[in-house]
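Quick notes on the structure that follows.
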Amino acid sequence: MSKRKDGLTPKERMAIPRAKMPEQNPSARAANFEEVPLGLTPEQAMEEAKRCLDCRKQPCVHGCPVAVQIPEFIKLVGEGKFGEAAKLIKETNVLPAVTGRVCPQETQCEGDCTLFKKYGGVSIGALERFVADYERNNNLVEIPPKPKPTGKKVAIIGSGPSGLTVAGDLILQGHAVTVFEALHEAGGVLVYGIPEFRLPKEIVAAEVDYLVQQGVNFELNVVAGMTITMDEILEEFDAVYIGVGAGLPWFMRIEGEELNGVLSANEYLTRSNLMKGYLFPDYDSPLPQGKHVCVVGGGNVAMDAARTAKRLGAKVTIVYRRAREQLPARGEEVHHADEEGIVFQLLSNPVKILGKDGKVSGMECIRMELGEPDASGRRRPIPIGGSNFEFECDQVIISIGAGANPLLTKTMPDLDLNKWGYIVVDENNRTNISKVWAGGDIVTGSATVIEAMGAGRIAARSIHAELLGLPQPTSEKEEE
Amino acid sequence: MKGEIIINEEVVPNVHRLVLSAPVIAKRAKPGQFVIIIPDEVGERIPFTLSDWSPEDGTITIFYQEAGVSTMKLTRMKPGNVIHTLVGPLGRPSKIEKFGTVLLGGGCYGLGAIYPLAKAFKEAGNRVIGLFEARTTYIVYNEEKLREVVDELYIVTADGSRGLRGHVPEALPYILEKEGKIDYAHFIGCTYMMMVSSRGTKEHNIPTIVAMNTLMVDGTGMCGICRVEVDGNTKFACVDGPDFDGHKVNWDMVFARKHAYVAEENMAYQFYRTQMDGAVNKCAKNRKEGA
Ligand SMILES: Cc1cc2nc3c(=O)[nH]c(=O)nc-3n(C[C@H](O)[C@H](O)[C@H](O)COP(=O)(O)OP(=O)(O)OC[C@H]3O[C@@H](n4cnc5c(N)ncnc54)[C@H](O)[C@@H]3O)c2cc1C
Ligand SMILES: Cc1cc2nc3c(=O)[nH]c(=O)nc-3n(C[C@H](O)[C@H](O)[C@H](O)COP(=O)(O)OP(=O)(O)OC[C@H]3O[C@@H](n4cnc5c(N)ncnc54)[C@H](O)[C@@H]3O)c2cc1C
Ligand code: SF4
Ligand code: FES
C-alpha cells in the first residue's frame, strides 16, 4: 500500500478529535420526519480520515461482516478522492449509503478499531455514508458497461438487502436477473421497516434504480408461492435465491392483546413507512395516533416505532425486560431516543394490557431482576414476585421480535427447515434443493442489513460458479 | 402488477362490478381467494374477494361496495384507467369436496362472491343450494348468473319484499324442511351476516365456513392486523384464512377489532370528499411537497 501523503505521525493522528456529525436538534427533529444526522462536510471527512493509523493488522476489516477495505478507502477520503473511495467500498458492499446509516458500527468495525477504547474509533460509518452520499449527490455513479450475457437466468425472491446484493453481483457477471417482490415497493425492511428519519427512502430508491439501469428486472406485487409457484420459477430459471426475510410478527400472548390500540411494530412501521401513514390524510392509510404510546421491546425495531410515535406527538414509554446495557438496539438509536425524550421503563415486563370499551387504557407490568446469563450470553431477566405495577397508556406497540414467514416455505415440502422454520443452508448458502440458494433473515433469523448482504454475496459467488460450471467457492475463500 | 379497468359499473345501488385485466391472477385464481388493490398513488391496500375470472380473457371480476375513501375512489375510476397496484391471488383457497348438499350463503358483496364457490362445489358433485340475503328486493344482483350453477336459490330479504323474510337463521328451518338435509355451509358477506348465519347453522349442527373480512395491510402475514381468534388460537386471516370455522371464531373480538380505525377512516373519507369538491387543496399540496 502506498504511503500516506499528509506525513503525520501516529501521535499527531491520535490528537485529532473524533468528528462530530452535525444533527438536527432534538426538539426540532422530534416533530419532523427528516433525517436526524446531517452528514459530514468534505472538510470534516478529510480531517476524520487523518485519524486512521492504517494499522497493519486491520482489525476494523476483520470486524466488518463483508470485509470492506476500510483503511484503503479512508486513505482516499484523506486525499479528497471521494468518488474513488466510494467505488472501492462498492467492491465489497453494494449499499454503502444504507449501511453507513444503519450498521451497528460500534460492535463491528468501529468497535474493533485500534483507537476505540482510548480515543473513540475512527468514524468509519460516517465516512462510508459521506462518500456514498457524495457520489450520489454529485452524479458520479457510473453504470458499469454491460457484460457479455451468459444466457443464464436467475430468480431472486424478496428485494431486501440480501436479494438486492445477489441481484447486483449477478447482473455484473452477465446473468439475466429477475427479482420477485410481494410488496409494491422494492427494498424489504429498508422501505417498510426503517423510518425516513433514519434512512431516507430516496436513497433506497436510488439503489434500486441503479440495479434497474444495469438491467435487473423487478417484478413487484408478485408473491412467490401464490402469484407464481416455486415449480414455475424453477422451470423458467437456472437458479433461485430465496431472501424473503423474517417478517412474521410475534405477539406476547398476554391478556388484552386483542384490544384496539394494540398493534405489532411491523404493522405500525409498515403503515408509517411503506404506506406513508405519517402523511395521513394526504395518504389514505391511517396511522393510529396515541397520546401515550407504550412500546414493548428494546431492539432497533422498538426504537424506530417509539421515535415514530414521538414524531406524531405522543408521550412514549419503552418497556424492556432487561437493563439498559442489554438493549439490543444500535447505540446511536438509544442515544437519539433518549435525547428526544422517550422514557425507558427498564427491567419491566408486561403481564396484561388493560382495556376499557374494547380499547387500550393501560398496562400492567412486573419488575424484573437479572439472573445468570442465558443462551444468548445476556443475563436472564427474572420476575420479582409481587412487584406488579400499572400505568396508563392508550396505544401499545409490540416489538418483541419476528419469526420466519411460512408463506413460501410451506409450498416447498422438500425444503430443509430448522425447528424455527428458517431455511437450512451449507457454507455456500445452498439449500438441500438443487438450483435453490437462500440467505439473509430467512436463514439466520432477524439479524442485520450487512449480514444479509454478506449472505447474498456468498450465494452470488456460488450461483455464478454453478451456472458457469466452475468449481464451488471453498470455505477458505470465505475467510479471506 | 397493475390492472387496467375494463368494466366498472354500479349493478344495484352501492354495489359495483369491477372487471380488471389481470392475466397472471386469472390463470392462478381458486375459489375463496382474494386480491389486494391500491387504487392510486396515495391509496391504501384493500382486499377484495375474487368473484369470477377467465384465464382465456385474462380478466378477473370483483364486486365492491362503497364503504370509505378507497372504495369511493374506485367508483370514480373509468374503463381504461389503471389501478396503481394489484396483487394476488392471496389467501388459502376454499376447501372444495363432495359433502352432499352444500348451502352457499351470500350477503352484500357475497351475492357476487359466492359464484365461483357454487361452481366449484357443483363440479365436485354436490347438490348446491344458493342463498341470497339482502335488505330488500331491489338490491339483489347476480341472480341469473348464480342460477346457472346452483340447484336451488333461496332469497331472504329483511323487509320481506321478496322470498323469505328475515335473516339466515329464520330461513334455515324452512330450507331444511324443503331440502331434507344440509351437510355443509359456507357464507360470504358482511361480518354481521356471517356471525348470525353461523349461529343459525350451529343450532342445526351444520359444519360452517365463513370468509373473514378483517382489516388488512400487506396480506402476506407480515403485520398481524388481520388476526382473529379461532378456537382459542390466534390466526392471521390473510395467510391462514380467509376461511375459518364459523362456530369457532371469537365474534365479539372480530367486531371490536373492526372498529380499530373508524375515526381515521371517517376522517380520510371526509378529507377526500372536501378535496374532490375543491375546498381544501392548498394545505394538502403543501404537505405533499414537503414529503
Ligand atoms: C424496523 C427495523 C429496523 C431495523 N434496523 C436495523 C438497523 O438499524 N441496522 C441493521 O443492520 N439492521 C436493522 N434491521 C434488521 C435488517 O433490516 C434485516 O436484518 C434485513 O433487512 C434482512 O434482510 P433480508 O434481505 O434478509 O430480508 P428483508 O429486508 O426482510 O426483505 C425480505 C423481502 O422479501 C419479501 N418477501 C417475503 N415473502 C415473499 C414472497 N413469498 N414473494 C416475494 N417476496 C417476498 C418481503 O416483502 C421483503 O420485501 C431492522 C429491522 C427492522 C424490522
Ligand atoms: C379477504 C377479504 C375479502 C373482501 N372482499 C370484499 C369484496 O369482495 N367486496 C367488498 O366490497 N368488500 C370486500 N372486503 C371488505 C373491503 O376490503 C372493505 O370494505 C374495504 O377495505 C373498505 O375500504 P375503504 O377505504 O373504502 O373503507 P374504510 O374507510 O377503510 O372503511 C369504511 C368503513 O368500512 C368498515 N370496514 C373497513 N374494512 C372493512 C372490512 N374489511 N370489512 C368490513 N368492513 C370494513 C370500517 O370499519 C369503516 O366503518 C373484503 C375484505 C377482506 C379482508
Ligand atoms: S482499526 Fe481504525 S485506525 Fe486501524 S486501520 Fe482500521 S480504521 Fe484505521
Ligand atoms: S394483513 Fe398483514 S398479516 Fe394479514
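Chain A is the first sequence line, chain B the second, and so forth, proteins listed ahead of strands; every chain is numbered from 1. Basis for what follows: all heavy atoms, side chains included, without hydrogens, waters or symmetry-related copies.
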Contacting moiety of [X], where chain A heavy atoms sit under 4.5 Å:
X      : answer
B:M222 : both
B:I36  : neither
B:Q33  : side chain
B:V217 : side chain

Taking C-beta and beyond as the side chain, do A:V223 and B:L90 meet within less than 4.5 Å on heavy atoms?
yes

Do B:V42 and A:D282 come within less than 4.5 Å of each other through their side chains, counting heavy atoms only?
no

Within a radius of less than 6.0 Å around [atom1] of [X], do more than 12 heavy atoms belonging to other residues, nucleotides or ligands occur?
X      : atom1 : value
A:K201 : NZ    : yes
B:F255 : CZ    : yes
A:E255 : CD    : no
A:K153 : NZ    : yes

Most contacts with chain B, counted as non-hydrogen pairs under 4.5 angstrom, among [options]:
options                        : result
A:L183, A:L263, A:L287         : A:L183
A:S264, A:G358, A:P288, A:P406 : A:P288
A:R253, A:K359, A:M226         : A:M226
A:V262, A:L269, A:I398         : A:V262

Check step by step if side chain to side chain contact (heavy atoms under 4.5 Å, CB included) holds for A:Y283 and B:E44.
CA-CA 8 Å; A:Y283 281 73; B:E44 57 181 337; over 6 Å; no

Point-to-point distance, once rounded to the nearest 0.5 Å, from [atom1] of [X] to [atom2] of [Y]:
X      : Y      : atom1 : atom2 : value
A:N405 : B:F236 : CG    : CZ    : 9.0 Å
A:N266 : B:D218 : CG    : CG    : 8.0 Å
A:S285 : B:I38  : OG    : CD1   : 7.5 Å

Heavy-atom closest pair (B:G224 atom, A:P249 atom, distance to 0.1 Å) is N-CG, 4.1 Å

For the residue pair A:N221 and B:L86, what are the closest heavy atoms and their distance?
CB-O, 3.7 Å

What residue in B:N250, B:V228, B:T220, B:V239 has the most heavy-atom pairs under 4.5 Å with chain A?
B:T220

Chain A contacts, top residue of B:E229, B:R45, B:K73, B:M253 (heavy-atom pairs, under 4.5 Å)
B:R45

Heavy-atom distances under 4.5 Å only: say whether [X] touches chain B with side chain, backbone, both or neither.
X      : result
A:L259 : backbone
A:Y192 : side chain
A:R271 : side chain
A:L407 : side chain
A:M275 : side chain
A:F251 : side chain
A:K410 : side chain
A:Q289 : backbone

Derivation of the side chain to side chain contact (heavy atoms under 4.5 Å, CB included) call for A:E258 and B:V254
CA-CA 9 Å; A:E258 73 292 349; B:V254 170; over 6 Å; no

Taking the side chain from B:T85 and the backbone from A:H184, do they hold a donor-acceptor pair closer than 3.5 Å?
no

Should the pair B:R28-A:E232 be classified as a salt bridge under the 4.0 Å nitrogen-to-oxygen rule?
yes

